[in-house]
Amino acid sequence: MGVVNVTPDSLSDGGKFFQPRAAIARAEQLIAEGADILDLGGESTRPGAQSVDAAEEWRRIGPVLSAVSEGPVPVAVDTMKPEVMQRAIGAGASMINDVNALRAHGALQAAAASDCAVCLMHMQGEPRTMQAAPSYADVVSEVRLFLAERIAAAEASGVGRERIVVDPGFGFGKTLEHNLKLLLRLLAIGELGVPVLAGLSRKSMLGAITGREAGERLAASIAAALLAVERGARIVRVHDVAATRDALAVWAAVRAAT
Ligand code: HH2
């Protein structure tokens, strides 16, 4: 899954693809690099980010979605807002990627009324404050329980299980230690029985490990993607599609040889 952030303030690429033309070119580049899915977002969720209203979020992503929704790969829209979900579904989105796991009022209904896939992600707190004091007794079992509850809520609202993907939400209300435990034990999230998506690309946890700025975390991001796929992730959300594909091709070739 290749990331297209149509935002002025995203963590690693804020402002680079804020203009529709630049975002569309970015989407085309990621498809050419081999992305199987695009993830289009109009609101940064980096720690401390300020929220934007639905009208502004749609103003950012609407023109880009129109340009790419008829393209060769399905498009996910990264949003927490039911209003944006509905407009995106109407404009051809194939997946709702919600870091808030469809907890906003009306979000479950918006997803249920469509035939889109949904990604339900775990987050402790909300983006503005989530990194202030993340706290868990047992991060892996708490994240798994939350995701199991959100799968049940989605199914009860009419979102069939075959449409659901889950994500432990690396960096969303988690310390480095929490993130590492989740990655180490990612198979436990896969035991929920739906595909697992992992978003580790360029994240702060990789900066904490390597001491590198967001734009210099390619090698660390590839290592993290590979570790996630080895532990059962079916989709990896990345900014650097070509490089990640090459690394995964090596992994797949070795795996096929055994
Ligand atoms: N991470 C980000 C945004 N959306 N969605 C899912 N399912 N999983 C993730 O881990 C995830 C996500 C944050 O990353 P980025 O797009 O680099 O930054 P920003 O939120 O600042 O745009």
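We're numbering straight along the sequence, starting at 1. Please read these numbers as outputs of a predicted model, since none were measured by experiment. Computed over heavy atoms, backbone and side chain alike; hydrogens, waters and symmetry mates excluded. Counting starts at 1 for both ligands and their atoms, in listed order.
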Next on the checklist: Quick check: closest heavy atoms across Val196 and Gly232, and the distance to 0.1 Å?
Outcome noted: CB-O, 4.5 Å
Next on the checklist: So, using side-chain contact (heavy atoms from CB on, under 4.5 Å) as the criterion, who are the partners of Val3 when residues are at least two apart?
Outcome noted: Asn5, Arg237, His239
Checklist outcome for this item: Expected contact list for ligand 1 at under 4.0 angstrom, heavy-atom basis, is Val3, Asn5, Ser10, Leu11, Ser44, Thr45, Arg46, Asp78, Asn97, Val99, Cys119, Met121, Asp167, Phe172, Leu197, Gly199, Lys203, Arg237, His239
Item to check | By side-chain hydrogen bond (donor to acceptor under 3.5 Å, both in side chains) - contacts of Arg60 (at least two apart) | outcome: Glu56
Checklist entry - Parallel, tilted or perpendicular for His122 and Tyr136, by the 30°/60° rule? => result tilted
Checklist entry - Among Arg161, Arg150, Arg163, whose salt bridge (charged side-chain N to carboxylate O under 4.0 Å, His left out) with Glu155 holds? => result Arg161
Checklist entry - Restricting to pairs with a member in residues 17-32, which pass salt bridge (Lys or Arg N to Asp or Glu O under 4.0 Å), not counting sequence neighbours? => result none
